[in-house]
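Just below is one structure, and these are the notes that go with it.
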Amino acid sequence: MAFSKQILVFLVLVGIFNLCNAQGLKLGFYKKTCPTAEAIVKKETASIMAVAPTLAAPILRMHFHDCFVRGCDASILLNSTTNNQAEKDSFPNLSLRGYGSIDRVKSAVEKKCPGVVSCADILALVARDAVQLLNGATWPVPLGRRDGNVSNSTEALFNLPPPFFNITQLKASFASKGLNTKDLVVLSGGHTIGTSHCSSFTNRLYNFTGVGDSDPSLDSNYVARLKTRCSATDTTTLVEMDPGSFKTFDTEYYTLVAKRRGLFTSDAALLADSETRAYVTSHATPQGSKDFLKDFAKSMVKMGKIGVLTGSQGEIRKTCGFVN
């Protein structure tokens with residue numbers, strides 16, 4: 001018991017440390033130095049989403065993956081070099097898409113205000129605007145993040161919660177970033193948009209405990225349906241995380257989880273904890289949509305403040321894939 005309390009205190013302290021620089025962020029940060037920055041980002045994002053609406057999910061995920069490794073410092077955007085494998089080339093990030101879109105938005109902002117707006121802020125804004133364009137949540141984005149100079153693939157492996165995490169591991173992962181259990185279940189709702197490769201969940205279909213069985217926490221009818229899409233060795237097929245609604249930001253994800261039809265072990269894990277289970281069941285109806293959008297907005301603001309660099313820390317990259 002004493003050891004558990006020590007771990008809890010440690011995670012709380014780590015969370016406080018992760019959020020302490022957030023006071024350097026503020027709304028309207030570029031009001032004097034680049035007053036049209038947010039409008040440019042919104043316009044470019046709208047143009048991108050008009051032709052590629054499926055990019056909203058990977059860009060939202062990119063923002064999440066950025067913040068969970070070294071904080072929201074755009075380290076996810078840095079390219080690998082001959083001497084270093086960057087985060088974007090780490091296994092958990094190989095399925096991310098949308099880097100070119102972030103570069104496009106950055107270039108548009110640079111033309112107007114060279115060397116002023118960070119890649120970290122642009123990623124945070126594009127993620128918000130992309131979700132809003134899918135009739136999803138919107139939230140205020142305090143700005144003033146600076147770009148980091150370090151990106152390491154190993155750090156991504158150790159900091160990003162994988163799809164096979166159980167509820168205890170998920171809660172510890174989020175707590176280490178200053179996020180609580182409600183943030184966990186709310187941000188998991190981001191799975192309402194997007195797709196996943198079969199390889200992220202086929203263990204639940206074919207060999208859950210090593211004896212050729214399926215995960216009993218996954219609805220058996222859904223197992224049969226998924227097996228028609230994914231073979232045991234499939235690494236290329238994409239499956240909708242929220243079938244029939246994967247391009248709409250809504251609460252259908254919670255409806256699926258409540259029916260034991262969440263794709264990942266980490267989705268099913270939300271039913272293994274009283275607090276997360278209560279949130280899932282109360283939002284598994286259309287009536288829960290309004291509250292979810294508000295909750296998602298609050299948690300995204302909180303997540304966007306993790307480990308930020310502000311003031312004279314870091315730099316403002318000229319090109320998002322390279323340090324200056």
Side-chain angles (χ1 to χ4, degrees), residues 7 11 14-15 18 57-72 75-76 85-98 151-181 183-210 213-218 223 226 230 232-242 246 253 256-257 260-273 276 280 299 303 306-307:
I7 292 294
L11 291 175
V14 170
N18 272 319
I59 287 176
L60 175 62
R61 184 167 163 241
M62 187 188 297
H63 182 34
F64 173 87
H65 282 210
D66 182 41
C67 292
F68 263 58
V69 184
R70 288 189 165 266
C72 311
S75 55
I76 186 69
Q85 186 178 52
E87 290 172 33
K88 64 165 58 175
D89 292 317
S90 184
F91 180 76
N93 292 324
L94 293 180
S95 60
L96 288 180
R97 297 182 296 123
S151 183
N152 186 285
S153 62
T154 303
E155 293 183 352
L157 285 172
F158 282 105
N159 284 277
L160 295 173
F164 55 77
F165 261 13
N166 62 36
I167 191 64
T168 301
Q169 294 167 316
L170 288 169
K171 290 169 76 170
S173 174
F174 275 66
S176 72
K177 308 301 176 184
L179 301 175
N180 59 32
T181 302
D183 296 318
L184 162 61
V185 66
V186 169
L187 292 175
S188 294
H191 288 172
T192 186
I193 54 175
T195 57
S196 169
H197 284 96
C198 292
S199 54
S200 293
F201 59 85
T202 45
N203 69 304
R204 302 185 72 199
L205 307 181
Y206 293 102
N207 200 29
F208 188 63
T209 63
D213 57 338
S214 59
D215 183 350
S217 70
L218 187 59
V223 168
L226 290 172
C230 304
T233 57
D234 192 330
T235 59
T236 57
T237 301
L238 290 171
V239 174
E240 298 171 9
M241 290 194 284
D242 185 355
F246 78 111
Y253 164 77
L256 288 171
V257 172
R260 300 190 299 119
R261 292 192 169 196
L263 275 187
F264 308 135
T265 299
S266 57
D267 294 325
L270 298 180
L271 297 177
D273 174 85
T276 55
V280 168
S299 291
M303 188 194 80
I306 296 173

Q) How long is the gap from CG on Leu60 to CD1 on Ile193, to the nearest 0.5 Å? A) 5.5 Å
Q: Hey, could you give me the CG/OG1 distance between Asp242 and Thr195, rounded to the nearest 0.5 Å?
A: 12.0 Å
Q | Distance-minimising heavy-atom pair for Leu170 and Pro161 | A | CD2-CB, 4.1 Å
Q. Within a strict 4.5 Å, meaning less than it, do heavy atoms of the Arg61 and Ser95 side chains meet?
A. yes
Q.
For the OG1 atom of Thr192 and the CD atom of Glu240, what is their distance to the nearest 0.5 Å?
A. 11.0 Å
Q. Checking Thr265 side chain against Phe164 main chain: does a donor-acceptor pair fall under 3.5 Å?
A. no
**Q.** Ring center gap for Phe174 and Phe68 short of 6.0 angstrom
**A.** yes
Q: Just do the side-chain contact (heavy atoms from CB on, under 4.5 Å) check on Thr235 and His197 with the steps written out, would you?
A: CA-CA 6 Å; Thr235 59; His197 284 96; over 6 Å; no
Q) Any donor-acceptor pair under 3.5 Å linking the side chain of Ser196 with the backbone of Met241? A) no
Q: Could you check if a side-chain atom of Leu184 sits within less than 4.5 angstrom of a side-chain atom of Lys171, using non-hydrogen atoms only?
A: yes
Q. Would a 4.5 Å heavy-atom cut-off, applied to side chains only, mark Asp183 and Asn180 as touching?
A. yes
Q: Would you name the heavy atoms of Gln85 and Asp89 that are closest together and state the gap between them?
A: NE2-O, 3.6 Å
Q. Once you round to the nearest 0.5 Å, how far does CG of Asn207 lie from CG of Asp215?
A. 12.0 Å
Q: State, to 0.1 Å, how close Asp267 and Tyr253 come at their nearest heavy-atom pair, and which atoms those are.
A: OD1-OH, 2.6 Å
(Q) Measuring only between side-chain heavy atoms, which start at C-beta, is Leu160 closer than 4.5 Å to Val69? (A) yes
Q: Work out which heavy atom in Ser173 is nearest to a heavy atom in Phe165; give both atom names and the distance.
A: CB-CE2, 4.3 Å
Q | Side chains of Ser90 and Leu157 in contact at under 4.5 Å (non-hydrogen atoms) | A | yes
Q: In sequence, state the C-alpha distance, the side-chain angles, and the governing distance for Asp273 and Val185, and then conclude on side-chain contact (heavy atoms from CB on, under 4.5 Å).
A: CA-CA 10 Å; Asp273 174 85; Val185 66; over 6 Å; no
Q | Nearest non-hydrogen partners of Ala156 and Asn93, listed with the distance | A | CB-ND2, 3.9 Å
(Q) Does the plane of the ring in Phe264 sit parallel, tilted or perpendicular to the ring in Phe201? Use 30° and 60° as the thresholds. (A) tilted
Q.
What's the separation between atom CD1 in Ile306 and atom CZ in Arg70, rounded to the nearest 0.5 Å?
A. 15.0 Å
Q.
Does Leu271 form a side-chain contact (heavy atoms from CB on, under 4.5 Å) with Arg260? I'd like the steps, not just the answer.
A. CA-CA 9 Å; Leu271 297 177; Arg260 300 190 299 119; 4.2 Å; yes
(Q) Test your reading of the model: is there a side-chain donor-acceptor pair from Ser75 to the backbone of Ser151, 3.5 Å cut-off? (A) no
Q: Evaluate the side-chain proximity of Asp66 to Cys72: yes if any heavy-atom separation is below 4.5 Å, no if none is.
A: yes
Q. In Å and rounded to the nearest 0.5 Å, what is the CG to CG distance from Asp213 to Leu205?
A. 11.0 Å
Q. Would a 4.5 Å heavy-atom cut-off, applied to side chains only, mark Asn159 and Lys177 as touching?
A. yes
Q. Just checking, is any N or O donor in the side chain of Arg204 or Ser217 under 3.5 Å from an acceptor N or O on the other one?
A. yes
Q: Determine the minimum heavy-atom distance between Met303 and His63, stating which atoms define it.
A: CE-CD2, 3.7 Å
